[in-house]
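Presented below is the structure to which this report refers.
Here is the naming used below: chain letters follow the sequence lines, and residue numbers restart at 1 for every chain. In this text the structure is predicted, and so the values were computed from the model without any measurement.
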Amino acid sequence: MSVIDIKGLHKSFGDMHVLKGIDLTVEPGEVVVIIGPSGSGKSTLLRCINFLEFPDEGEIRVNGEPIDPKKTNLDKVRQHMGMVFQQFQLFPHKNVLHNITIAPIEVKGLHHKQANAIARDLLEKVGLPDREKAWPSELSGGQKQRVAIARALAMDPDIMLFDEVTSALDPELVNEVLQVMQELAAGGMTMVVVTHEMGFAREMADRVVMMADGMIVEQGTPEQIFDSPQEERTQAFLGQVL
Amino acid sequence: MTILNVVKEHFWGFLAATGMTLQLTAVSLVLAVVIGLLFAFLKLSKNRAANIFADAYIGLTRGMPLIVQLMFLYFGISSILVLSPFWAGSLALAFHAGGYVAEILRGAIQNIDSGQTEAARSLGMSRLKAMRLIVLPQAFRRAIPALGNQFIIGLKDSTLVAYLGVPELFSKAMTAAAANYQPFETYLVAGTYYLVLVMIFTWMVNKLEKRLTPHRQEATL
């Protein structure tokens, strides 16, 4: 059963028709990387998947369940999806440990001790075992993003969504974040990644999805997309970024 | 030195009246924050009727002099509901300050990056939890300077309650000045009490802001 199954998704903001009929499935353990020019609707698609934006038309199934944003309890749906944002969005009034434990404690009802143990384990995984008492403002961008990944993982999600998570980072900090994502992918996590990092896409993707003008232009293995793109839009885009 | 005589004669009396002033201020400001928060939410709501209701309240409280609101609540309402001078005064002060507090809090809540709410919701928090755990704590912190300012105004506005016959500091000063024919000295002493109160209060607000801030907040988001 697919983790995510999208059919005929449309989304507009006012007169702007951002998504024009998207069909996409994500299988368990799959790493799907979405590429494409700015304004192609990549981020909107990702935000529709966990209903930060409501689709205007079309159907989204999560773990086989069709979701009606007006009727389904979306809080429950989102508990099973981790999301990492371009601008980190750590909670500035909470230290690193509390950023990670707040959702397990407040949403899942875990005991502090349990949540702390999970958080420390994850901090170890993202390479920040000694920063649990630090405040977000004391961290570098790369460290913030790694804490944000740990925060999302603390809910033990079925799927992780990454929305241009390295775009706001200084170039020398990009790799430490990509490395964490690589380890995650290697560990079998289901991931949908919107990125401009073509190296990551080529190396880690099971499937690359090329979007332009609100539509999926082409999708396939990294070799198919990067080495022998079929569509003109893909060729043009890759010609610019590679 | 006549001023020393005034101090000698009224030190304890004024101090007791200061207690009444502080009670009035504290009760009215706690109520004002509750009222303000409620109307801030009404104003932020997507419900059109709630917006209009909130606008009407804020317009009324900010648009009429406090003394008129005081008199209205004490003498006007007393035909329907009998309120003690203390409660009429506290409620009127709260009602008045609530309009300003509502606008302060609304602004502070709106100024928190919507990405913070999205991050909280993406972790499975309900709208209410995201507001209570993530947005409000940050909004309150940012609102402290403006709220502190409003509280100082509230403390000084409490003098008007003297006209309802509440035995607070300013009413004590008026009585004393009428009896000793030394208005200059008497009001100078009473004014000093207020000044000291405001200074203590300002110090506390600064302390609170430092405690909640130091290096912990991000300047930019």
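Using modelled atom types, one side-chain atom of B:K129 and one backbone atom of A:E106 make a donor-acceptor pair closer than 3.5 Å. Proximity of a side-chain donor or acceptor of A:H93 to a complementary backbone N or O of B:V135 within less than 3.5 Å is not detected.
Nearest heavy atoms, B:L133 versus A:K94: O-CE, 4.1 Å. Between A:F91 and B:A119, the shortest heavy-atom distance links the atoms CE2-CB, 4.0 Å. What you find for A:Q79 and B:L123 is that their closest heavy atoms are CG-O, 4.3 Å. Across all their heavy atoms, A:L52 and B:R121 have their closest contact at CD2-CB, 4.5 Å.
More than 12 heavy atoms of other shown residues, nucleotides or ligands fall within 6.0 angstrom of atom CG in B:L81. Enclosure of atom CE in B:M64 by more than 12 non-hydrogen atoms of other residues, nucleotides or ligands within 6.0 angstrom is indicated. Counted within 6.0 Å of OH on B:Y163, heavy atoms from surrounding residues, nucleotides or ligands total 12 or fewer; the atom is thus considered open. Atom OH of B:Y187 is surrounded by more than 12 heavy atoms from other residues, nucleotides or ligands within 6.0 Å. Within a 6.0 Å radius of CD in A:Q179, other residues, nucleotides and ligands contribute 12 heavy atoms or fewer. Summarising the local packing, NZ of A:K125 is surrounded by 12 or fewer heavy atoms from other residues, nucleotides or ligands at distances under 6.0 Å. Counted within 6.0 Å of CZ on B:F72, heavy atoms from surrounding residues, nucleotides or ligands total 12 or fewer; the atom is thus considered open. No more than 12 heavy atoms of other residues, nucleotides or ligands sit less than 6.0 Å from atom CZ of B:R127.
Distance check: B:E118 CD to A:M83 CE gives 7.5 Å after rounding to the nearest 0.5 Å.
No other option in A:L74, A:I102, A:N95, A:V77 has as many heavy-atom pairs under 4.5 Å with chain B as A:I102.
The side-chain heavy atoms of B:S122 and A:M81, taken from C-beta on, include no pair separated by under 4.5 Å.
A side-chain donor-acceptor contact under 3.5 Å links B:Q116 and A:Q89.
A:R47 touches chain B through its side chain: at least one heavy atom from C-beta onward sits under 4.5 Å away, while N, CA, C and O do not.
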